[in-house]
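Notes follow once the structure below has been shown.
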Amino acid sequence: MFTHAIVRRPGRDFGLGITTQGLGPPSYALMVEQHGAYVEALRSLGLQVEVLDPLPDHPDAHFVEDAAVVTPALAVLTRPGAEARRGEVPSIEAALARHRPTARIEAPGTLDGGDVLVADGHVFVGLSGRTNREGAAQLGRHLEAQGFTWEPVEVGAGLHLKSGVNWLGGGVLLATKAFASLPPFRPYRIVAAERGEDYAANTLWINGCLLTPAGFGGTRRKLDDLGMRVVELDMSEARKMDGGLTCLSLRF
Ligand code: CIR
């Protein structure tokens, strides 16, 4: 169960962040509204949410998940794969140091939190354009020291591992068709995102409830079949910047 979340309000310059989407320029006003609804959803599920201020000159800084990996006993500060995002880490470190001892990923390692999928005691670490083998291995040593097992997973398509596969609790993963067939995920029950609904794979489990992006009816029906409460959130503006529900918070 999660008790805390750290989020950051998007800055007015958030549209200057890195993106591969080509979905057009995002609206700041709409992003603020959608971010507010996200924070309210977390609070309604019992989380104490700490809201950080926008970080000047870091338009992707509200995607706080990429700057750290938080386990029950440790916060590992990352070394984000995109150089432009490395300046986000010190302010996340300051916020997390109030809750956990900290460790860090060191050069030449790179790691984005979006590549780290915790499935109970086992952790999948995506090797992507942002996370390299060295970064994954460094994180792996921290995880092993705390009793987790872990394994690397090649991220063939998409920005991060969690762009394509997420933990729904109870041994269930939600995955795009491309991720669903990968051997590391065979031991799990897999719910496949509906064709044409890959973005819905970025669904977030919070204390037995599923937060899922609005507008993906086929996948939504499959989530309803799991018998958990499902809450849809409009993610149109974060999506334009390659972001999703998982990357907007650090949960612990
Ligand atoms: C980036 O490219 O780094 C940001 N525009 C999006 C980061 C999304 N993070 C995530 O999925 N964990």
Side-chain angles (χ1 to χ4, degrees), residues 5-28 30-31 34-35 38 42 52 54-55 57-70 75-89 91-92 96 105 110-119 123-132 135-136 139 153 155-167 174-176 178-179 193 198-206 211-213 233 235-252:
I6 293 174
V7 304
R8 187 192 296 283
R9 283 187 289 115
R12 285 190 178 277
D13 62 351
F14 89 105
L16 300 177
I18 308 164
T19 184
T20 58
Q21 288 299 315
L23 292 172
S27 153
Y28 173 68
L30 200 47
M31 180 67 199
Q34 293 174 356
H35 191 265
Y38 178 82
L42 296 181
L52 305 179
L55 192 64
D57 301 323
H58 288 88
D60 278 321
H62 54 297
F63 296 126
V64 287
E65 178 184 65
D66 292 321
V69 176
V70 186
V76 181
L77 284 315
T78 67
R79 184 167 178 270
E83 213 177 327
R85 297 198 59 191
R86 293 193 187 144
E88 298 172 20
V89 176
S91 83
I92 293 295
L96 282 171
I105 302 297
T110 63
L111 184 94
D112 277 16
D115 280 316
V116 181
L117 174 62
V118 179
V123 182
F124 297 100
V125 184
L127 302 175
S128 68
R130 299 291 177 87
T131 296
N132 64 18
L139 178 68
V153 181
V155 178
L159 179 61
H160 288 128
L161 180 65
K162 283 186 287 195
S163 310
V165 55
N166 281 279
W167 176 245
L174 171 64
T176 62
F179 279 94
D198 280 3
Y199 186 72
N202 191 254
T203 286
L204 175 59
W205 179 96
I206 300 280
L211 303 183
T212 195
L233 289 171
M235 292 296 293
S236 65
E237 304 314 287
R239 185 183 185 188
K240 289 176 184 170
M241 302 311 297
D242 266 336
L245 285 160
T246 55
C247 46
L248 285 176
S249 60
L250 283 160
R251 302 142 313 261
F252 50 94

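First listed ligand is number 1; within each ligand, the first listed atom is number 1.
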Arg239: what forms a side-chain contact (heavy atoms from CB on, under 4.5 Å) with it, not counting sequence neighbours? Leu23, Tyr199, Phe216
Taking the side chain from Ser128 and the backbone from His160, do they hold a donor-acceptor pair closer than 3.5 Å? no
Atom CG of Asp66 and atom CG of Leu250: how far apart are they, to the nearest 0.5 Å? 9.0 Å
Which heavy atom of Ala193 sits nearest to which heavy atom of Leu174, and what is that distance? N-CD1, 4.0 Å
Is a side-chain donor or acceptor of Thr110 paired with a backbone partner of Gly135 at a separation under 3.5 angstrom? no
Pocket residues around ligand 1 (non-hydrogen, under 4.0 Å) come out as Ile18, Asp60, Phe63, Glu65, Asp66, Arg85, Gly114, Arg130, Leu159, His160, Met241, Asp242, Gly243, Cys247
Aromatic rings His62 and His35: how do their planes relate, parallel, tilted or perpendicular, breaks at 30° and 60°? perpendicular
